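To start, the structure itself, in structure tokens.
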Amino acid sequence: MPSDELLPADASRRAFLRITGIGLAGASAVVLSACGSSRPKTKLVAGSDPLAVRQADIEILNSVLDLEYTAIAAYTAGIPLLTGHAHAAAAQFLDHELSHAMKLASTIRGAGGKPNRQPSTYALTNPRDAAQVLDTLSTTESSLIDGYLTAIPKLVPGWLRAVAAGILANEGQHVSVLRLLQAQPPVPSAFVTASE
């Protein structure tokens, strides 16, 4: 059927475009509202709706929270052995790790879960100089990246994946700076992995 047969004889092109435009605007609004955002509009509690956080999500978040606690301990122990740019970077990264841990803990609480507590001791290496501290911190950051890369695909609500992905990106930045401080290429490949 030709397109001119779909419109009444007295309809103008302007009227057709107006009707089509309203329909497209309405459809766009529906599509955009379905996309959601990186944080929930209401406090989600496991089981309260289909997009709510599952107990498995809380356990996954607690596993990366434990890795953040290890990073906090590694930075806290290593910073006194660093000087200059390395000291400044490590101090900033410690602040980041503290923020990550607080964000994860508040996200877990907001989802109706209980965040793991920070252990009182850690099995860390005993670095004797700045080079060994940077090696330890690089290894710790690689463990964080691996943890987030493993966790993100398993998290169900999109807003949880967004929280974890934001932290993962920051961990990648940390690794790049640590590699630079170790006289290594800061960005050795096009993809973030835990093996570099």
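All figures in this text were calculated on a predicted structure; none of them were measured in a lab.
With contacts defined as side-chain heavy-atom distances shorter than 4.5 Å, the pair L168/I145 qualifies. Side chains of L82 and L134 form a contact here, defined as non-hydrogen atoms less than 4.5 Å apart.
Counting all heavy atoms, side chain and backbone alike, A90 lies closest to L137 at CB-CD1, 4.4 Å. Nearest heavy atoms, I108 versus P115: CG2-N, 3.5 Å. Annotation for A86 and L181: closest pair CA-CD1, 3.8 Å, computed over non-hydrogen atoms. Nearest heavy atoms, P157 versus D57: CD-OD2, 3.4 Å. Considering all non-hydrogen atoms of both residues, A101 and E68 come closest at CB-CB, 4.3 Å. Summarising the geometry of G113 relative to I58, their closest heavy-atom pair is CA-CD1, 3.6 Å, with the distance given to 0.1 Å.
Rounded to the nearest 0.5 angstrom, T140 OG1 and E171 CD are separated by 10.5 Å. Note that CD of E97 and CG of L144 are 5.5 Å apart. Values are rounded to the nearest 0.5 Å. Between S143 atom OG and Y148 atom OH the span is 12.0 Å, to the nearest 0.5 Å. If you take CG on L67 and CD1 on I167, they are separated by 11.5 Å, rounding to the nearest 0.5 Å. Rounding to the nearest 0.5 Å gives a distance of 6.0 Å between NE2 of H87 and CD1 of I79. To the nearest 0.5 Å, atoms CG (N170) and CD (E141) are separated by 8.0 Å.
A distance-only check finds a donor-acceptor pair linking the side chain of R161 to the backbone of V156 [under 3.5 Å]. Distance alone, capped at 3.5 Å, is enough to place a donor-acceptor pair between the R179 side chain and the P185 backbone.
Residues meeting the side chain to side chain donor-acceptor pair (under 3.5 Å) test with Q182, sequence neighbours left out: D135, S138.
A donor-acceptor contact closer than 3.5 angstrom is absent between the side chains of Y75 and Q92.
The hydrophobic clustering, which links ILVMFWY residues whose side-chain heavy atoms are closer than 4.5 Å, places L65 and Y122 together.
Tested against L61, the residues L155, V163, D66, N116 include a single side-chain contact (heavy atoms from CB on, under 4.5 Å) partner, L155.
Ring pair H96/H174 is parallel by interplanar angle, where below 30° counts as parallel and above 60° as perpendicular.
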